[in-house]
2 protein chains.
Amino acid sequence: MPTTQLESYQMECANCPIRHRAVCARCETDELARLEEMKFYRSFQAGQTIAWTCDRMDFVASVVTGIATLTQTLEDGRTQMVGLLLPSDFMGRPGRERAAYDVTATTDVTMCCFRRKPFEEMMVKTPHVSQRLLEMTLDELDAAREWMLLLGRKTAREKIASLLAIIARRDASLKLAKTGGQLEFDLPLTREAMADYLGLTLETVSRQMSALKREGVIELASKRHISVPDFDRLLDETGDDTDGGMLA
Amino acid sequence: MPTTQLESYQMECANCPIRHRAVCARCETDELARLEEMKFYRSFQAGQTIAWTCDRMDFVASVVTGIATLTQTLEDGRTQMVGLLLPSDFMGRPGRERAAYDVTATTDVTMCCFRRKPFEEMMVKTPHVSQRLLEMTLDELDAAREWMLLLGRKTAREKIASLLAIIARRDASLKLAKTGGQLEFDLPLTREAMADYLGLTLETVSRQMSALKREGVIELASKRHISVPDFDRLLDETGDDTDGGMLA
DNA sequence: TTGCTTTCTTGATCCTGGTCAAAGCTGACC
DNA sequence: GGTCAGCTTTGACCAGGATCAAGAAAGCAA
C-alpha cells in the first residue's frame with residue numbers, strides 16, 4: 001500500500017471511527033490499537049461493482065478516495081440510487097451478514113476496510129466507536145429524508161439544481177476555496193447515474209441541464225465540468241428555503 | 001397516568017432502549033434505574049402537532065400508543081412525509097437541540113419521554129443504550145431507503161399497494177393473527193396523509209384505491225377499514241420481489 | 001331531524017416528464 | 001489519421017398523474 005494513500009486516509013478520513021484515538025481521552029487504547037492493526041485497504045476501478053445485493057459481506061469500510069453509490073432495483077429492472085458514498089463515508093452494517101444494496105464504484109475508489117467480526121467485538125468494548133457510528137448514521141438518515149422530499153415533491157428542474165448545489169457545496173468545502181463567487185467543479189456522475197439518483201430518465205436530465213445552461217444558470221466547459229457564475233441563482237432553482245446555508 | 005397505558009408500554013415498547021435492563025447482563029443498573037425514574041409520559045390528541053421544525057426539543061421519546069408522522073415542507077407549501085412513527089419507534093435525536101421535522105399525531109398518541117440532557121449523559125455511561133439506538137437508527141435508514149425506491153421509481157398503483165402491504169404487515173405482526181388468509185385492518189391515515197407519504201395528490205390516491213377495490217384486490221367496509229382477500233395478490237401489485245416475506 | 005364541516009370520490013382537462021428514435025460528441029485504440 | 005463504443009443531445013409523440021371543479025358521504029353538534 002503506497003504511502004500516499006495512507007496519507008490521504010489521514011487527511012480525508014476524518015470521520016472514520018478509528019480516528020477517535022487522537023481526540024478522545026476516554027478511549028480504551030489497546031482495543032483501538034488492535035483495530036488499527038487489523039485495518040487493510042482495497043481499491044476498485046471506476047465502474048466496478050463492490051458488492052451485489054445479498055452478497056456476503058465480511059468487512060465494513062470507510063471510503064478514503066473516490067465515489068461509490070448504493071442502488072436498489074425493482075424486479076423489472078427499474079433502479080433507484082439510495083446513497084452516495086463520498087470520502088469519509090462509512091459502508092456496511094455491523095451485525096448484517098449480507099449486503100442490502102448494490103454498491104458500485106463510479107470513480108476509482110480506495111476503501112479502508114475492517115473485518116466485520118473483530119470490528120463488531122471491538123464495538124462492544126469501545127463505546128466511542130458505536131457512539132460515533134450512531135452520529136454518522138443519524139446524519140445519513142437526515143440526508144435520506146431530505147432526499148425523500150426531493151424525490152416525492154420536486155420538479156425535474158429543481159431536482160437537477162438541488163443535485164448540482166449539493167455537489168458544488170461538497171466540492172467547495174473540500175477545497176475551502178471559491179474563486180470569487182465563480183464556482184467550478186467536475187461532475188463525478190454520468191447523466192444516467194444522475195437520473196438514477198433523481199428518479200428521472202437520462203433524457204430528462206440532459207434536457208434540464210441544457211435548459212439551465214441556455215438560461216445561464218450554469219456553464220458547461222465540457223460535459224462533465226461545470227461552473228456556476230452565481231451560486232444564489234442556482235439555489236433559487238432548488239425549491240428549498242434559501243437561507244444561503246453553508247456557503248453564504 | 002393510568003395503569004393500562006403503563007401496561008401497554010410494557011407490552012409494546014419492546015424496542016425502547018430502557019427495556020434492556022431486563023435482558024442485558026452487562027448493564028450498569030444504577031444508571032438505567034436513574035433513567036427509569038426520570039421517564040415521564042405525554043399524550044397528544046389526533047391532529048395535534050407534537051413539534052414544529054426548529055422548535056426547541058428538550059426531550060427524546062418513544063411512542064407507546066398511536067401513530068405520529070414526520071413531515072418536511074418546501075417554502076411554497078408542498079409537503080412530504082418522511083417518517084411514520086409507530087408504537088416502539090423512537091423520536092428525537094441525542095445531541096440535537098431543535099426539531100428537524102414537523103411531528104404530528106395522526107391518531108391519539110402517548111409517548112414515553114426522557115429529558116434530553118440526562119438522557120445524553122446516560123448514553124455516554126451505558127454503552128448498550130447507544131448500541132441499541134444505533135441498531136434502531138440503521139433500521140430506520142433501511143426503511144428510508146426503501147421509501148426512496150418507492151418515491152423515485154414506482155407507479156401510483158404500486159405506491160398505494162406498497163403502503164397497504166406495509167400497514168397490513170405491521171398490523172398482522174401486532175395481532176399475530178390473520179383470519180384464514182383474510183386480512184383486515186384500519187387505515188390510520190387520511191387520503192391526504194397517504195398522498196403526502198407517497199408523493200402523490202389525494203385525488204390520485206382516491207382513484208387508485210377505487211381501482212384496487214373495483215378489481216377486487218381490496219375491499220372497503222368503510223373508507224378507513226380495509227380487508228384483503230388475498231395478500232399475495234396485493235403483493236403482486238407492489239412491484240417488489242415477491243418473496244412472500246414476513247407473512248408467508 | 002337539520003345543518004354544517006371535513007373527508008372522500010369522480011369527471012374533464014392539462015402538462016410534465018417518459019418513451020422511442022435518431023444523430024452528434026468524445027475519447028480510446030488501432 | 002480512421003473507426004468504434006459509450007455517452008450525450010435533441011426531437012416527436014404519448015401517457016400518467018396533477019389540477020381544477022363539482023358533488024357525495026360521513027361525522028357531529030344542536
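When reading the values below, keep in mind they use all heavy atoms of this one structure, side chains included, and skip hydrogens, waters and symmetry mates. Reminder, nothing fancy here: chain letters follow the sequence lines and each chain counts from 1.
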*Just to confirm, is there a sub-4.0 Å distance from OP1 or OP2 of D:dG17 to any side-chain nitrogen or oxygen of B:T201?*
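Checking B:T201 against D:dG17: no side-chain N or O falls below 4.0 Å of OP1 or OP2.
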Separation of [X] atom [atom1] from [N] atom [atom2], in whole Å?
{"X": "A:L200", "N": "C:dG18", "atom1": "CG", "atom2": "C1'", "result": "10 Å"}
{"X": "B:L212", "N": "C:dT10", "atom1": "CG", "atom2": "P", "result": "13 Å"}
{"X": "A:R153", "N": "C:dT16", "atom1": "CZ", "atom2": "C1'", "result": "15 Å"}
{"X": "B:K213", "N": "C:dC8", "atom1": "NZ", "atom2": "P", "result": "13 Å"}
{"X": "B:R157", "N": "D:dG17", "atom1": "CZ", "atom2": "P", "result": "11 Å"}
{"X": "A:D76", "N": "C:dT19", "atom1": "CG", "atom2": "P", "result": "10 Å"}

*Show your reasoning for whether salt bridge (Lys or Arg N to Asp or Glu O under 4.0 Å) applies to A:K154 and A:D240.*
CA-CA 10 Å; A:K154 287 191 178 177; A:D240 295 321; 2.9 Å; yes
Identify whether the distance between the nearest side-chain nitrogen and carboxylate oxygen of [X] and [Y] falls below 4.0 Å.
{"X": "A:D76", "Y": "B:R153", "answer": "no"}
{"X": "B:E215", "Y": "B:R157", "answer": "yes"}
{"X": "B:R145", "Y": "A:E140", "answer": "yes"}

*Would you mind building the protein contact string for nucleotides 4-16 of chain D? One character per nucleotide, 5' to 3', B for base within reach (heavy atoms under 4.0 Å), S for sugar-phosphate only, - for untouched.*
----SBBBB----
*More than 12 heavy atoms of other residues, nucleotides or ligands under 6.0 Å from CD of A:E146: is that the case?*
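No, the 6.0 Å shell around CD holds no more than 12 heavy atoms from other groups.
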*asked:* Base, sugar-phosphate or nothing for A:G199? Non-hydrogen atoms, less than 4.0 Å.
replied: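 It contacts sugar-phosphate atoms only.
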*Would A:T79 and A:T73 count as having a side-chain donor-acceptor pair, cut-off 3.5 Å?*
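No, A:T73 and A:T79 have no side-chain donor paired with an acceptor closer than 3.5 Å.
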